[in-house]
Amino acid sequence: MSESERKKSIQSIKGTKDILPDEVWMWQKLEEIAGNLFERYGYRQIRTPVFEATELFEKGTGETSDIVTKEMYSFRDKGGRDITLRPEYTPSVVRSIIEHRLHLRTPPLRFYYFGPMFRYDKPQKGRYRQFHQIDVEVFNEKDAAIDAELVEMAQQLLIRLGVKDIHILVNSVGCTACRPSYHQHLRKSADQARENLCKDCRRKIDTNPLRLFDCKEESCRKISEGFPLITDHLCQECRDHFLAFCAYLDELSISYLVESRLVRGLDYYTKTTFEFTSGALGAQDAILGGGRYDDMMKQFGGPDICGTGFAVGIERLLSAASLEENKREWLYIATLGAEARIMGMKLARELRAEGWECLIEYRERSLNKQLGRAHKLGAGRVVLIGDEEVRSGRVQLKNMSSGQQTDVSVLGLAEALNVSD
RNA sequence: GUGGGUGUAGCUCAACUGGUUAGAGCACUGGAUUGUGGUUCCAGAGGUUGGGGGUUCGAAACCCCUCACUCACCCCA
C-alpha cells in the first residue's frame, strides 16, 4: 500500500460522520426528551437489526420508489443471502410484529425507535448516507383521531426541542380504491398540456405525476394549477377520514396547511400523509414526515391491521433545535508527589462510589498547572493533596468560583462536598 | 446521478501579477510562578498548502485528474 492509499483508507466513508464527545450530549438529551414524551402517549421502545432481507424493502418500501431503485446499500453475505442496510424503519417494525405475533399480545401496539438508516444519496447539508431517525409507529387504530394525535405528539416534540419556524403540511393520498383513478385523471390533464410542459415535467407524467405540482418553472406552475387535485377525487371513505383528521387538528388548535401536492417518497401510504418543515434548515427542510399505511401488514402475509406513524431526521432536528447542556459539578483532584497521588487515587475511588465525578491527571505538573487545568476544564471544586496532607490525613478543598479553601479531614470530605458553598 | 463553489496548523483566517525560509489570532506544551487558577510576559511545538500528475528557472496560487466538503437540481429525514 502506498502512502497516499494509506492516507485515503483512514478517512470516514463519504456521507458518514463521527459524533464527537462534545456533541454526544445533544443526542442523549434528544433521546431522553423524545422517549420521555412518547412514553406518555403509551409508546414503548423497540429495537430491530440494522440489516434485513433486501426483499423486505423491495416489497415494503416499494419497487418503484427512489429509495429502492437507486439508494439502497445492498450486498450478498457469505451465506448467499441478499441483505440491505435499512433505508427506513417501517418495514422492519411490520416484519417484527408479524414474526413475533405482537398483535396477539395485549395492546396497544405503539412503538418508537432511534437508530441509523442508510441511503446511497448524494451528501449535502442535512443529508447523509448514514443518518439517524426517530421512528414512531401505531398499529390497529383506524380512526383518524390517532393520525391527529400523532401530529400533535410530533408538534410537542419539536416544541420541547426548541425548533422554531415549524410548518405542518397535511394531505390525503387516497387508497387503492380511489388513487388509481385520480392518477388517470391527472395523467390525462397533464398529457393534454404535454406540449407546453418542460422536459422534466413530461418525464414526470409517466414516472411520478404527483410531482408535476412542484416544478420550479413558472409556465409549468401555471398549467399545473389547472390539474385535478387528489383531495377532490377521494372516495367516500378516504374523504371522511381526511375531513375527520382535519377536524381533530382544528379541535387541538394545531395550525396546518392542506397541501394537495404533498407526496411522500414511499409508495405504501394510504389516506393521511403529513410533513413538518422548518425554516431554520435551508434546502433540506423536511424535518419530519409520516402517514398512514393500511395495507402493508397484510401485503406481508400478516394480519389485516392498519398502521400509521412518522420518522424524524435527527441530524436535521438537532440543527434546528436549541438545547442546553446540563451542567454538572465535578472534582479535580490535584496531587503533588507519589504518596499524594496514591492517596488521591484511594480518595477518588471512595468519592466515585458516592457518585462524584473525579478527575486525576497522571502527569507530573506543578500545582499551578494543575489548578490552571482545573479552571480551564471547568471543575467546580479542587481537592488538593500534597506532603502535608499525606502526613495529616486532611486535604484542602477549594471552591473554584469563590476561591475559598477549607481544610477538611478525609473522613469528612464526602460530607463537606454535599454542602454547597 | 447532473451542474456551480470551496479545500492553507487542532479551529478561524492571511500570504501582491507565480518569487526564494507559508504567517497571525485562538487552542496546545514549557517557563517567569519547585504548594494555589482566570490577567500578563517569554519561549516551544505544530504544515507533505486535501492527494496525485503537469506547466515553469520558480507553484499555496495556473492546467488536468482524484478525494472531501458545500450550494442548487433530483429526492428525502
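By convention in this document, chain letters (A, B, ...) are assigned in the order of the sequence lines, proteins followed by strands, and residues within each chain are numbered from 1. Values reported hereafter were calculated over all heavy atoms of this structure, with side chains retained and with hydrogens, waters and symmetry mates removed. Bear in mind the structure is a predicted one, so any value in this text is a computation, not a measurement.
- Residue A:Gly15 is classed as a sugar-phosphate contact, given heavy-atom separations below 4.0 Å to backbone atoms only.
- Side-chain polar atoms of A:Asp147 and A:His241 form a donor-acceptor pair below 3.5 angstrom.
- Rounded to whole Å, atom C1' of B:G38 lies 14 Å from atom CG of A:Asn399.
- Residues A:Glu39 and A:Tyr112 bring a donor and an acceptor atom of their side chains to less than 3.5 Å of each other.
- Nearest approach of A:Arg373 to A:Glu361, heavy atoms of both residues: NH2-OE2, 2.6 Å.
- Taking atom P on both B:G50 and B:A15, the two are 15 Å apart, rounded to the nearest angstrom.
- Nucleotide B:G30 has B:C42 as its partner under the Watson-Crick or G-U criteria, with both atom distances under 3.5 Å.
- Nucleic acid contact class of A:Leu288 (heavy atoms, under 4.0 Å, all strands): sugar-phosphate only.
- Rounded to an integer number of Å, the gap from A:Arg365 CZ to B:U36 P is 17 Å.
- Side-chain atoms of A:Arg119 and base atoms of B:C75 include no donor and acceptor less than 3.5 Å apart.
- A:Gly372 comes within 4.0 angstrom of sugar-phosphate atoms only, judged by non-hydrogen atoms across all strands, and of no base.
- Distance check on atom P: B:C42 versus B:U33 gives 16 Å, rounded to whole Å.
- Residue side chain A:Glu71 does not reach the base of B:G1 through any donor-acceptor N/O pair under 3.5 Å, judged by distance alone.
- Comparing B:G54 with B:A61, their C1' atoms are spaced 15 Å from each other, to the whole Å.
- For the pair A:Trp27 and A:His132, the minimum side-chain heavy-atom distance is below 4.5 Å.
- Atom-to-atom, CD of A:Glu364 to P of B:G31 comes out at 12 Å; the value is rounded to the nearest Å.
- Nucleotide B:G35 has no partner under the Watson-Crick or G-U criteria, as no pair reaches both atom distances under 3.5 Å.
- By the 6.0 Å and 45° rule, A:Lys271 does not stack over the aromatic ring of A:Phe245.
- In the set B:G1, B:G30, B:G35, the nucleotide with an atom closest to the side chain of A:Arg363 is B:G30.
- A donor-acceptor contact under 3.5 angstrom links the side chains of A:Glu137 and A:Thr90, judged on distance only.
- Donor-acceptor pairing under 3.5 Å, judged by distance alone, is absent between the side chain of A:Lys125 and the base of B:U70.
- Using Watson-Crick or G-U wobble geometry with both donor-acceptor distances under 3.5 Å, B:C73 finds its partner in B:G1.
- Looking at heavy-atom distances under 4.0 Å, A:Glu88 makes no contact with the nucleic acid at all.
- Within 4.0 Å of A:Gln130, counting heavy atoms only, lies no atom of the nucleic acid at all.
- Contact annotation: side chain of A:Asn368 to base of B:U33, donor-acceptor pair present below 3.5 Å.
- Nearest nucleotide to the side chain of A:Gln396, out of B:C71, B:U36, B:C75: B:U36.
- The number of heavy atoms from other shown groups lying within 6.0 Å of CZ (A:Phe51) does not exceed 12.
- Look at NZ on A:Lys122: it is 7 Å from C1' on B:U2, rounded to the nearest Å.
- Using atom C1' as the reference point in both B:U39 and B:G46, the two lie 26 Å apart (nearest Å).
- The distance from atom NZ of A:Lys369 to atom P of B:U34 is 11 Å, rounded to the nearest whole Å.
- Comparing B:C67 with B:A24, their C1' atoms are spaced 29 Å from each other, to the whole Å.
- When the C1' atom of B:A77 is taken as reference, atom CD1 of A:Ile166 falls 15 Å away, rounded to whole Å.
- Applying the 4.0 Å criterion to OP1 and OP2 of B:A68, one finds that A:Lys14 has a side-chain N or O inside that range.
- Among the nucleotides B:G35, B:U29, B:C75, the one closest to the side chain of A:Asp66 is B:C75.
- Cation-pi geometry between A:Arg47 and A:Tyr113 is not satisfied (NZ or CZ under 6.0 Å from the ring centre, within 45° of the ring normal).
- Between A:Arg391 and A:Arg129, it is A:Arg391 whose nearest contact on RNA chain B lies nearer the 5' terminus.
- Note: CD (A:Gln124) to C1' (B:G5) measures 13 Å, nearest angstrom.
- Nucleotides B:A9 and B:A72 are separated by 32 Å at their C1' atoms, to the nearest Å.
- Nucleotides B:G37 and B:A43 have their P atoms positioned 23 Å apart, rounded to a whole Å.
- Spacing between B:G44 and B:A27 at atom C1', rounded to whole Å, works out to 14 Å.
- Summarising the base pairing, B:A24 is matched to B:U12 through a Watson-Crick or G-U wobble pair whose two defining distances lie under 3.5 Å.
- Using a 4.0 Å heavy-atom cutoff across all strands shown, A:Gln370 reaches no nucleic acid atom at all.
- For A:Leu371 and A:His132, each mapped to the nucleotide of RNA chain B holding its nearest heavy atom, the one lying further toward the 5' end belongs to A:Leu371.
- Checking B:G7 for Watson-Crick or G-U wobble geometry (two distances, each under 3.5 Å) identifies B:C67 as its partner.
- With rounding to whole Å, A:Lys376 atom NZ is found 10 Å from B:G38 atom P.
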